Amino acid sequence: MLDLLRLILESAGYTFLGAKDGQEGLDVMQRERPDLILLDLMLPEVGGAEVLLRKKQTLLSSTFRSLPLRP
């Protein structure tokens with residue numbers, strides 16, 4: 001699925017940053033400032049729901065202040 005999303009988004013001219021599990025996704029989001037996060041709720045290691053909760057907790061940080069989070 002990750003490869004398909006990469007193909008679709010990159011062919012449309014977007015830069016794609018992917019992660020194979022929730023912890024890697026958190027690490028990528030810490031290093032980069034994404035405009036959009038597509039999140040799978042069934043991620044290994046740290047699940048997608050936990051990733052969302054952690055991002056909501058860090059919403060007050062300047063990195064993610066302008067990133068809207070929708071359930």
Side-chain angles (χ1 to χ4, degrees):
M1 183 61 109
L2 200 58
D3 292 332
L4 179 60
L5 285 171
R6 177 184 303 276
L7 177 66
I8 292 168
L9 293 171
E10 286 181 347
S11 68
Y14 294 98
T15 300
F16 180 87
L17 301 168
K20 293 184 180 3
D21 61 53
Q23 186 57 55
E24 185 181 350
L26 288 167
D27 295 342
V28 169
M29 286 186 274
Q30 195 66 20
R31 288 190 313 268
E32 305 292 332
R33 186 181 171 138
D35 292 321
L36 173 69
I37 299 170
L38 298 176
L39 185 60
D40 181 351
L41 294 178
M42 302 294 286
L43 290 168
E45 302 299 320
V46 178
E50 179 66 22
V51 171
L52 181 59
L53 288 174
R54 290 185 190 183
K55 287 301 103 189
K56 282 185 174 185
Q57 291 172 352
T58 60
L59 185 61
L60 297 178
S61 74
S62 61
T63 303
F64 290 97
R65 187 178 307 259
S66 65
L67 182 65
L69 295 175
R70 303 280 187 255

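Since the structure is predicted, the reported quantities are computational estimates derived from the model, not experimental observations.
Summarising the geometry, atom NZ belonging to K55 is positioned 11.0 Å from atom CG belonging to L39; distances are rounded to the nearest 0.5 Å. Put simply, CG on D35 and OG1 on T15 are 9.5 Å apart, with the number rounded to the nearest 0.5 Å. With values rounded to the nearest 0.5 angstrom, I37 atom CD1 is found 9.0 Å from L52 atom CG.
With sequence neighbours left out, E50 forms a side chain to side chain contact (heavy atoms under 4.5 Å, CB included) with V46, L53, R54.
Hydrophobic clustering keeps L26 apart from V28 (ILVMFWY residues linked when any side-chain heavy atoms are closer than 4.5 Å, directly or through intermediates). Hydrophobic clustering, with ILVMFWY side chains joined whenever heavy atoms are under 4.5 angstrom apart, keeps L17 apart from Y14. With hydrophobic clusters built from ILVMFWY side chains whose heavy atoms lie under 4.5 angstrom apart, L38 shares a cluster with L2.
Screening residues 4-17 for salt bridge (Lys or Arg N to Asp or Glu O under 4.0 Å) gives R6-E10 as the qualifying pairs, with residues at least two apart or on separate chains. Legend: salt bridge (Lys or Arg N to Asp or Glu O under 4.0 Å) pairs involving residues 12-31, not counting sequence neighbours: none detected.
For the pair M1/D40, no side-chain contact is recorded, criterion being any heavy-atom separation below 4.5 Å from C-beta on.
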